[in-house]
Amino acid sequence: MCEPSRPSGIVLIGFMGAGKSSVGRKLGSLTGWPFVDLDAEIVRREGRTIPQMFADPGEPYFRQKETEALRSLTGGESLILATGGGIIGREENWSLLRQLGTIVYLQAGWVTLHTRLKCEEGRPLGDGHQGWEKVEALWRRRLPLYQQADIIIETEGLALEAVAERVLEQVRHWSGR
Ligand code: S3P
């Protein structure tokens with residue numbers, strides 16, 4: 001029996017601040033495929049921000065919306081998808097991610113992520129209010145999950161254009177195209 005071939009899209013995973021949205025947008029312009037930012041898609045559908053959803057009705061609601069948004073993208077055209085950092089937490093999300101294409105983990109160290117997160121707002125699980133050591137512990141707990149990606153791209157010291165080019169090169173190599 002033949003294995004069904006994997007779809008040709010590219011799915012970016014990684015912790016908050018890893019550059020998934022910026023690299024995804026760049027990949028969209030390099031490939032000509034539509035770029036979808038899953039968080040932005042959820043916010044658009046819900047008509048409220050992620051901090052609002054986390055505050056009420058709460059994180060489980062957001063996670064449900066995240067899975068629903070992901071499911072709605074399957075079965076369509078090839079796309080570049082930037083996911084939220086917590087997408088790797090639900091087993092059912094993995095099979096949906098696989099249906100969308102090659103899963104690429106954008107890897108960055110804690111110092112880099114922390115430096116970026118300190119300067120940004122709007123991430124209920126990625127700000128210093130609850131203490132940065134809690135955010136770092138979350139990052140550490142998630143590392144083995146991110147590492148289940150098809151491809152791991154080390155992004156430290158690379159400009160986003162260079163990261164995007166490396167992603168394309170590795171995806172082509174991996175998928176034999
Ligand atoms: C989250 C990451 C966020 C967003 C939400 C939860 C997480 O996305 O989905 O705030 O659990 O890591 P980014 O990774 O794009 O910041």
Side-chain angles (χ1 to χ4, degrees), residues 9-28 34-74 79-94 96-97 100-149 151-156 158 160 163-164 167:
I10 300 176
V11 175
L12 301 176
I13 66 169
F15 201 65
M16 297 170 271
K20 298 167 302 245
S21 302
S22 319
V23 171
R25 207 164 290 117
K26 183 76 198 166
L27 283 169
F35 165 65
V36 177
D37 184 311
L38 197 65
D39 282 343
E41 182 58 24
I42 299 164
V43 168
R44 189 186 65 76
R45 289 170 176 218
E46 288 289 304
R48 50 189 161 164
T49 65
I50 293 175
Q52 282 167 346
M53 282 179 251
F54 267 70
D56 178 29
E59 184 178 349
Y61 178 85
F62 172 78
R63 296 298 172 201
Q64 188 53 35
K65 294 296 146 190
E66 196 174 35
T67 300
E68 286 169 17
L70 196 56
R71 187 174 295 113
S72 74
L73 297 173
T74 58
L79 46 80
I80 308 288
L81 177 66
T83 60
I87 200 82
I88 40 67
R90 278 186 167 196
E91 191 52 44
E92 67 180 307
N93 291 349
W94 279 93
L96 295 169
L97 294 172
L100 288 164
T102 310
I103 304 173
V104 178
Y105 167 36
L106 298 186
Q107 177 166 270
W110 172 246
V111 173
T112 300
L113 296 169
H114 182 213
T115 306
R116 291 184 191 147
L117 292 175
K118 269 190 310 193
C119 307
E120 292 172 17
E121 284 177 358
R123 291 182 172 105
L125 300 180
D127 65 23
H129 289 130
Q130 74 276 42
W132 285 110
E133 59 292 338
K134 281 208 172 148
V135 185
E136 183 178 3
L138 178 65
W139 170 70
R140 271 189 205 290
R141 274 203 307 281
R142 286 179 176 175
L143 284 179
L145 295 168
Y146 294 132
Q147 283 159 357
Q148 290 175 27
I151 294 169
I152 298 176
I153 302 287
E154 178 54 63
T155 66
E156 288 284 345
L158 293 182
L160 81 92
V163 175
V167 169

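No hydrogens, no waters, no symmetry mates; every other heavy atom, side chains included, goes into these values. Order of listing sets the numbers, starting from 1, for every ligand and every atom in it.
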Does only the side chain of M53 get under 4.0 Å from ligand 1, or the backbone, or both, or neither? Count heavy atoms. neither
Which residue and non-hydrogen atom of the protein lie closest to atom 16 (O) of ligand 1, and at what distance in Å? R123 NE, 2.5 Å
What protein heavy atom lies closest to atom 7 (C) of ligand 1? Include the residue and the distance to one decimal. G86 N, 3.3 Å
So does I87 get a backbone contact from the side chain of N93, meaning a donor-acceptor N/O pair under 3.5 Å? yes
Does a salt bridge link E41 with R44, judged by any charged N lying under 4.0 Å from a carboxylate O? yes
What residue and heavy atom of the protein are closest to atom 14 (O) of ligand 1, and at what distance? K20 NZ, 2.6 Å
Between the main-chain N or O of L106 and the side-chain N or O of K20, is there a donor-acceptor pair closer than 3.5 Å? no
Report yes if some heavy atom in the side chain of I88 is under 4.5 Å from a heavy atom in the side chain of T83; otherwise report no. no
What atoms of ligand 1 come closer than 4.0 angstrom to any heavy atom of F62? 9 (O)
Got a sec: does the CD of E156 have more than 12 other heavy atoms crowding it under 6.0 Å? yes
Please say whether more than 12 non-hydrogen atoms of neighbouring residues, nucleotides or ligands are located less than 6.0 Å from CD in E91. no
Could you list the atoms of ligand 1 found under 4.0 angstrom from a heavy atom of I50? 5 (C), 10 (O)
I need the nearest protein heavy-atom contact for atom 9 (O) of ligand 1: residue, atom name and distance, please. D39 OD1, 2.8 Å
Any heavy atom of P124 sitting closer than 4.0 Å to ligand 1? yes
When you compare the side chain of D127 with that of E121, does any pair of heavy atoms fall below 4.5 Å? no
Identify, by atom number and element, the atoms of ligand 1 in contact range of G84, meaning under 4.0 Å from any of its heavy atoms. 8 (O), 9 (O), 14 (O)
Parallel under 30°, tilted from 30 to 60°, perpendicular over 60°: which one fits the rings of F15 and Y146? perpendicular
Starting from atom 12 (O) of ligand 1, what is the nearest protein heavy atom, named by residue and atom, and what distance separates them? R142 NH1, 2.7 Å
Backbone of G89 reached by a side-chain donor or acceptor of R63 within 3.5 Å: no
If you compare R116, E66, R63 by their heavy atoms, the one closest to atom 6 (C) of ligand 1 turns out to be R63
Quick check on E120 - does any of its heavy atoms sit under 4.0 Å from an atom of ligand 1? no
Mark up the atoms of ligand 1 that fall under 4.0 Å of a heavy atom belonging to L125, in ascending order. 11 (O)
